[in-house]
Undergrad: 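I am attaching a structure below and will ask some questions about it afterwards.
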Amino acid sequence: MSIDKDLKQFLEKITAFASRTGIAYRTGDIYGGLAGFWDYGPIGVEIKNRIKDTWWTDFVRNRDDIVGYDGAIITHPKVWEASGHLSSFTDPLIFCQGKCKKKHRLDHLLEDNLKIHTENLDLEGMGDLVIKEELSCPECGGKLGKPITFNLMFNTQVGPVQDSASTAYLRPENAQLIFSGFRNVIDSTRVKMPFGIAQSGIVFRNEISPRNFLFRVREYELMEFEYFTDPQKTNECPVFDDVAHNMVNIHSRTDQETEDAVDYTSMTIGDAWEKKIFKNKWQAYWMVISNEWFIHKMGINPDKLRFRQHLESELSHYALDTWDIEYQYKFGWKELMGCANRTQYDLEQHQKHSKAKLQFSETDKSGVNRFVPYVVAEPSVGLGRILLTVIADGYQEETVKDRKRVVLKIHPRLAPYDVAVFPLQKKPQIISKAQEIFKYLRTEGFIVNFDDGGSIGKRYRRHDEIGTPFCVTVDFETLEDEKITIRHRDTMEQTRLPIKGLVEELKNLGSNYLAAKRI
RNA sequence: GCGCUGAUAGUCUAGUCUGGUAGGACUCCAGCCUUCCAAGCUGGCUGCCCGGGUUCAAAUCCCGGUCGGCGCACCA
C-alpha cells in the first residue's frame, strides 16, 4: 500500500522534476499531451546527446570490429514481410460486448472452438464465422462485437495515391535495416569476421499502453548492433578471457520459476559460462561489455543491474536465446537492454524473400568458405530508457541546514554542463574576470555555463539539480592572486587553485569521478 | 483496449461534498540589500485539462473526450 504510494510519488516526482529542469516535457503539452511521445528540453537534449555520443564512440569509433549504419525510417514494405514483423505485429482481435469486456485473439478463438485453421481467412471471413457459428465470449458468455486488426507498426502512404500498394511502415526496430543493407556493407567495406554493424536511430511502436514517463513510449531512439560470426564458430570468442573475471548479477530461469527467489546471484562471467548458464560465448561477452559500460560510462549503480534470461515462452519469433540487463526501478526490475541471439534467421529470411545472396565469403588455406552469417548477439537499448535510468539512479535528495538539496549525481561526462562559472559579487571587475575564465574554458573544449543570477548559494543549488559536476567561483582575491574556487557537486567541498592549472584539474576530476565515488 | 482513480500557475497545494469574481508557499523576472551554499525586503508574470450541457451564475453539478497513476491484457 505504502509502496504503491511511494512508487507513484517517485514517478510523478521524476516526471515533474524533468519538466521543471528542462529535461523532458510532454509533447504538445499546451494541447493536453499525446500519450507515448515526449519532447526533450534544453537540459535533456544535452544529456541525451552525450549518452548517444558515448555509445557511438565506445561501440563504433573505438572498436576495430564494428562499423556504423544509418537506415531509412520509412522502410521498404517487403522488409517487414520478410522479417516476420508484418505477421507477428498484426493480430486479429474481437471484443466481448457482454459483462467482461475482454478482448480475444480471434484466430485462437476460432481454432479452439471450431477446430479449424484460420491462415486462409481474412478478418471479414473470420468475423462471418463468428456470426454463423453463433460464438460467444469464452470468458463470460457475452455477445462478441466486430473484429478488428491490431497492428503495432505505424504505417503511412508513400506517394500521392493512397492504396494498399503504397503502404509503407515506420520501422519498429533498426535491425532490419542492417540486415537488408548487409549485402551493401560487405561489398563496400573490408569487414572481416567476426564483426558488428551498429545503428542508432528512432523507431516507432504503437504500444497499447505507454507508461512510466520515458520508459514505455511509442517513438524512441534505439541504439543497437548486430554481431555476426561464422555459424561454425559461434562460440569462438578469444576476447572472452579479457572479461572472464568480471562480476555479474545473474537472475536465472530457475530463479524466475522459484517463489521467493533472490533478486540475483553474483558470480564471475567465467563461472557463469562454466556452469552453462549461457548458450553462447559471444552473447555472454557482449552482456558483460554492456554491463561494464552502464556501470563505468553511464555511472549506474552496479547493485541495481542484473542479467535476466528470457523464459522460453517470452522469446521473440526470431530469437534462440535472449538476455536482458535489468535495472531495479522504483516500479520494479525492468528491461534496460535486451541482447538476443537471432541466429541466421533474419539474413536467411531476407535471402529467401529478396533472392539476393546474403552470404559472406572468406578464403583460407583450405579454400573458399561461404556462409550466411550468424547473429550471436544483438545488444539493443533505448536511449530514452538510459536517460531515465541515469536520472532515476542519480537523483538524490539531501538535507543541508534543514533545507532540502536536490542533486543529480550523474557521471560528469553526461552532465549538461561540464562546469559553471560564477562571479561571487556583481562587481564589474569580478564579472569581467569571470567572463574571461568562462570564455577560456570554452575555447579549451568544455561545455560551460555562466551564471550571475541570485545569491551564490542559489546558483550552486540550481547547478546541483541539473548535475553540473563542478562550479568555478571568481572573487575579489582572484583579481590579485589569479586563483579561483572550485566547488564539487557531490560533496560541496571547495578547493582553491590557480587558473593556470584549472583545465588540467577539471580533466582529472572528470576522469577520476567513478574511482572517487566508490571510496 | 477494459476496469478503478485522478487533473487548480513552472512546482506543491487550499477551495469541489454544500455553485456566487481562485488563495497560499516555493520557483521565475525586476529593483534594493547582501556576498561562498536555495538569506531578507518591495514589486511583477503565469492557473481551474479540453468540448458540450444544466443554471441568473460552474473550478465546483451532469455528459463526452484528452492526459496521468494503478490493475488486467499486450509486450516483435
Side-chain angles (χ1 to χ4, degrees), chain A residues 1 3-5 7-13 15-22 25-37 41 80 83-91 93-97 99-105 139 145 148 150-153 171-173 175-176 203 205-213 216 310 313-319 322 331 334-335 338 340 342 380 400-407 422-427 430 452-465 471-477 484-489 492-494 496:
Chain A
M1 180 96 165
I3 293 167
D4 291 348
K5 205 182 166 195
L7 156 67
K8 188 178 174 185
Q9 283 176 346
F10 182 77
L11 278 171
E12 291 186 352
K13 185 189 278 185
T15 310
F17 167 76
S19 177
R20 186 184 60 198
T21 51
Y25 322 107
R26 292 194 302 177
T27 197
D29 195 35
I30 55 171
Y31 297 107
L34 190 58
F37 300 93
W80 307 110
S83 71
H85 283 82
L86 212 47
S87 53
S88 359
F89 261 59
T90 314
D91 295 332
L93 299 177
I94 195 157
F95 287 90
C96 168
Q97 293 185 320
K99 255 182 240 164
C100 76
K101 309 278 185 211
K102 282 194 173 153
K103 71 160 176 261
H104 304 280
R105 280 283 294 268
E139 200 75 27
I148 56 154
F150 196 94
N151 196 334
L152 289 170
M153 278 199 289
R171 62 184 184 204
E173 64 169 17
Q176 295 309 326
V203 301
R205 299 179 188 188
N206 207 350
E207 297 284 349
I208 298 170
S209 57
R211 291 273 164 101
N212 297 333
F213 185 37
R216 182 170 294 279
H310 279 207
S313 58
E314 58 180 320
L315 288 174
S316 328
H317 67 277
Y318 52 69
T322 299
F331 46 94
K334 297 279 180 191
E335 174 186 352
R342 296 182 77 134
S380 174
V400 177
K401 291 183 184 166
D402 293 330
R403 296 199 60 163
K404 190 167 85 173
R405 169 185 187 244
V406 173
V407 50
F422 311 147
L424 184 62
Q425 300 182 3
K426 278 188 187 173
K427 299 271 166 63
I430 296 176
D452 63 357
S455 71
I456 190 76
K458 187 166 277 189
R459 286 176 244 164
Y460 286 144
R461 290 294 185 277
R462 267 204 292 261
H463 279 277
D464 286 340
E465 209 171 48
C471 296
V472 166
T473 300
V474 175
D475 57 29
F476 45 86
E477 283 176 42
I484 44 78
T485 303
I486 184 162
R487 182 265 195 188
H488 301 238
R489 175 193 70 195
M492 302 199 294
E493 275 169 14
Q494 298 179 322
R496 200 162 171 83

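Residue numbers start from 1 in every chain, and the chains themselves are labelled A, B, ... in the order their sequence lines are given, proteins ahead of strands. The analysis underlying the following values was restricted to heavy atoms, covering all of them including side chains, and did not include hydrogens, waters or symmetry mates.
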Undergrad: Please measure how far the C1' atom in B:G51 lies from the corresponding atom in B:C4, and state the result in whole Å.
TA: 24 Å
Undergrad: Taking only the C1' atom of each, what is the distance from B:U13 to B:A7 in whole angstrom?
TA: 13 Å
Undergrad: With rounding to whole Å, what would you report as the distance between B:G6 and B:U60 at their C1' atoms?
TA: 16 Å
Undergrad: When rounded to the nearest Å, what value does the distance between C1' atoms of B:G52 and B:C74 take?
TA: 34 Å
Undergrad: Please give the distance between the P atoms of B:A59 and B:A30 as a whole number of Å.
TA: 34 Å
Undergrad: For A:G454 and A:R459, work out which heavy atoms get closest and say how close.
TA: O-NH2, 3.0 Å
Undergrad: How far does the P atom of B:C28 sit from the matching atom of B:U11, given to the nearest Å?
TA: 14 Å
Undergrad: So, under a plain 3.5 Å distance rule, would you say the side chain of A:E207 forms a donor-acceptor pair with the base of B:C75?
TA: no
Undergrad: P atom, B:C49 versus B:U16: distance in rounded Å?
TA: 15 Å
Undergrad: State the pairing partner of B:C2; accept Watson-Crick or G-U wobble contacts with both distances under 3.5 Å, and report none otherwise.
TA: B:G71
Undergrad: How far, in whole Å, is B:G23 from B:U66 if one measures between their P atoms?
TA: 33 Å
Undergrad: Just the rounded figure in Å: distance from C1' of B:A38 to CZ of A:R405.
TA: 11 Å
Undergrad: Please report the closest heavy-atom contact between A:G338 and A:E335, naming both atoms and the distance.
TA: N-OE2, 3.4 Å
